[in-house]
Undergrad: 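Below is the structure I would like to discuss, written out as structure tokens.
This structure is a prediction, so every number in the text was calculated from the model and none was measured. Start at 1 and go down the list; that is how both ligands and their atoms are numbered.
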Amino acid sequence: MFKLLKYLNTCKKEAILTPILVMLEVLSEVFIPIFMGKLIDEGIKGNDISLAYRYGIYMVALAILALIFGVLASRKAAIVANQLGRNIRKAEYEKIQTYAFENIDKFSTSSLVTRLTMDVSMVQNAVQMNIRIAFRAPAMILFSITSAYIVGGNLALIFVFIAPFVGLGLWIIMRGAHKYFVQMFNKVDKLNLKVQESLSGIRTVKSYVREDYEIEKFEEVIEDVATNGKKAEKWVMFNNPLMQLSICICFTLIAWFGSYNMVVNGLTEGAFANIISYVMHILMSLMMLSQVFLMIVISKASVERITEVLNETSSLTEKQDAVSEVKEGTFEFKDVSFRYKDKDILKNINFKAKQGEFIGIFGATGTGKTTMIQLISRLYDASSGTVLVSDIDVKDYKLEVLRKEVVTVLQKNVLFSGTIRDNIKWGKEDATDEEIISALKKAHAYEFVSKMKDFLDTWIEQGGVNVSGGQRQRLCIARALISNPKILIMDDSTSAVDTKTDSQIKETLREETPNMTKVIISQRLSSIKDADRIIILDTNGINGIGNHEYLYAHNEIYKDVYDLQQKGKGSEIDE
Ligand SMILES: Nc1ncnc2c1ncn2[C@@H]1O[C@H](COP(=O)(O)OP(=O)(O)OP(=O)(O)O)[C@@H](O)[C@H]1O
Ligand SMILES: [Mg+2]
């Protein structure tokens with residue numbers, strides 16, 4: 001919990017004022033029983049009605065004061081909780097933006113969503129509901145025990161004996177419930193994953209008439225969440241009975257010893273009424289305190305999950321004196337191997353591409369094509385060996401500079417909700433309309449964009465669902481081309497574009513961007529047939545390198561697939 005205190009920086013004043021106001025509230029309240037005792041002993045028993053009225057007025061005034069301080073404290077607490085929630089979310093979001101792909105893989109997107117939304121809400125609610133009570137209850141207990149001791153002497157010690165037992169009980173409950181709350185939140189991660197997956201893929205679900213299956217899967221996940229919630233509640237349910245029991249014991253003891261003291265030691269009725277009020281205060285505070293503990297248990301799991309996000313360091317680090325210019329569009333793999341966790345993907349890759357070269361990459365699904373090209377712009381770091389761009393290790397560049405000059409049109413490319421202009425400008429913030437149009441033309445996207453009613457202002461829905469697959473791919477290519485990078489990588493980026501347009505795009509790129517090094521991954525050999533060199537990847541690494549003629553004559557995989565695709569028996573392999 002304390003780790004998150006620094007996120008109170010924008011509401012320091014309120015964070016300090018809240019406990020002060022709470023103390024004032026408690027102070028106002030603890031004086032009320034004193035006046036009540038006096039009202040009974042001096043006013044009623046002393047037959048002095050005007051004195052009774054006066055003490056009555058004091059009590060009302062104190063109650064009003066307590067109310068005012070209470071309201072003010074609650075208001076400040078609400079500000080503190082909201083600011084805390086806002087600041088933690090901001091910090092988490094900023095941290096996630098620094099993550100490398102590897103860090104994102106570690107958490108999974110859906111878990112990050114939960115950690116950014118629900119977990120922060122849990123903490124925020126816990127603070128909002130409890131900050132006042134957390135200060136109020138202990139202060140109330142302390143003041144009340146002290147006052148009760150002054151008025152009733154040893155009677156107050158009963159609380160001191162009961163308190164350790166209550167504390168122990170609470171500790172056992174907290175310990176028992178905590179692990180189930182942690183498990184429950186992990187299940188909520190799975191729930192979010194399921195929701196995200198099935199809603200974003202709802203069209204696929206419907207086209208395969210898999211609704212019932214999806215509902216069944218969903219039920220399994222929510223059942224899991226409920227089961228863990230139930231287990232945690234099993235512990236939590238002891239909380240109230242424990243409190244009730246302690247209250248009963250305290251009351252009985254006070255009543256016994258109180259009446260004994262009245263009869264034997266001459267304790268006055270006023271003092272006894274006084275002590276009974278304090279007993280109420282103390283027991284109420286104990287009840288509240290147990291709720292605070294409970295909330296702490298629940299939010300502890302959330303706090304841990306949030307701090308995990310905040311403490312995660314990006315697996316990609318930048319050197320202090322990092323290189324800030326990419327001179328040439330050459331790149332090289334020197335003995336590069338790569339593994340995801342413990343799964344070896346790339347083995348001893350050696351390859352050098354020249355400036356302006358058109359490199360094709362071909363290989364069956366899962367051979368590591370995407371993995372290989374992601375190393376060039378440092379989306380991942382090689383497990384061993386070196387990847388160089390313009391003869392400098394990619395790890396020596398400023399990330400921003402490297403990614404500006406090595407642009408990848410990812411296989412899973414996405415458009416964001418916004419206009420076409422907004423989307424293309426992602427590649428270059430200050431791009432003019434002329435530059436946007438020129439990029440669209442190169443990507444052969446101009447033709448369909450110009451037919452759209454709002455042209456560059458056409459609104460793209462979230463995920464680009466209102467443009468066709470091929471159109472989306474071409475817009476993504478335009479987005480990459482607009483910054484005129486030194487190296488352009490297209491990962492299966494024209495798979496949904498018709499063969500004719502596909503070759504036109506490649507031809508335009510060749511003619512209009514001769515100095516740009518182009519790396520094109522494709523399952524369609526016609527798409528990379530004209531490349532200067534084609535890399536054939538298989539599960540053992542590079543199987544062959546050469547141009548079309550060379551590979552057709554010397555590489556079995558290439559020849560077989562090429563012949564197969566020429567015959568029109570299929571344009572993809574192994575899928
Ligand atoms: N983020 C990841 N975490 C763990 N394993 C991964 C990850 N991404 C890919 N893999 C695994 O690495 C292997 C290579 O994946 P990669 O995406 O590089 O293949 P690919 O050649 O691009 O395939 P495709 O032609 O289908 O795009 C696959 O076996 C895949 O399961
Ligand atoms: Mg791939």
Undergrad: Ring centres of F351 and F333 under 6.0 Å apart?
TA: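 Ring-ring flag for F351/F333: false, centres at least 6.0 Å apart.
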
Undergrad: Taking 4.0 angstrom as the limit and counting only heavy atoms of T371, give me the atoms of ligand 1 inside it, by number and element.
TA: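 Those qualifying, in numeric order: 14 (C), 15 (O), 16 (P), 18 (O).
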
Undergrad: Looking only at non-hydrogen atoms, which of K341, K343, K369 approaches atom 21 (O) of ligand 1 most closely?
TA: K369

Undergrad: Quiz question: by atom type and distance under 3.5 Å, do the side chains of T227 and D224 form a donor-acceptor pair?
TA: no

Undergrad: Parallel, tilted or perpendicular: which fits the ring planes of W426 and F416, with parallel below 30° and perpendicular above 60°?
TA: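 Taking F416 first and then W426, their aromatic rings lie parallel (interplane angle under 30°).
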
Undergrad: What do you reckon, does G363 have a nitrogen or oxygen under 3.5 Å from a nitrogen or oxygen of ligand 1?
TA: no

Undergrad: Just heavy atoms, cut-off under 4.0 Å: does M372 contact ligand 1 by side chain, backbone, both, or neither?
TA: neither

Undergrad: If the cut-off is 4.0 Å to any non-hydrogen atom of Q523, which atoms of ligand 1 fall inside it?
TA: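 Answer for ligand 1: 25 (O).
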
Undergrad: Please identify which atoms of ligand 1 are closer than 4.0 Å to at least one heavy atom of Q411.
TA: 24 (P), 27 (O)

Undergrad: Check D105 against ligand 1 and report side chain, backbone, both or neither, counting heavy atoms closer than 4.0 Å.
TA: side chain

Undergrad: If you stand at the Mg ion (ligand 2) and look out to OE1 of Q411 and OG1 of T370, what angle do those two lines make, to 10°?
TA: 90°

Undergrad: Is the distance from the ring center of F101 to that of Y99 below 6.0 Å?
TA: no

Undergrad: Restricting to N/O/S atoms, is T365 within less than 2.8 Å of the Mg ion (ligand 2) or not?
TA: no

Undergrad: Report yes if I345 has an N/O atom closer than 3.5 Å to an N/O atom of ligand 1; otherwise report no.
TA: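 N/O-N/O distance below 3.5 Å does not exist for this pair.
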
Undergrad: The test is side chain to side chain contact (heavy atoms under 4.5 Å, CB included); show your working for L310 and E92 and say whether it passes.
TA: CA-CA 6 Å; L310 292 171; E92 269 194 281; 4.0 Å; yes

Undergrad: Using the rule given for salt bridge (Lys or Arg N to Asp or Glu O under 4.0 Å), can you reason through R524 versus D502, listing the C-alpha separation, both sets of side-chain angles and the distance that settles it, and then say yes or no?
TA: CA-CA 10 Å; R524 201 154 55 188; D502 183 17; 2.9 Å; yes

Undergrad: Just heavy atoms, cut-off under 4.0 Å: does Y380 contact ligand 1 by side chain, backbone, both, or neither?
TA: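 Just the side chain.
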
Undergrad: Determine, for F358 and K518, whether the Lys NZ or Arg CZ falls below 6.0 Å from the six-membered ring centre while staying within 45 degrees of the axis.
TA: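 So K518 doesn't make the cation-pi contact.
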
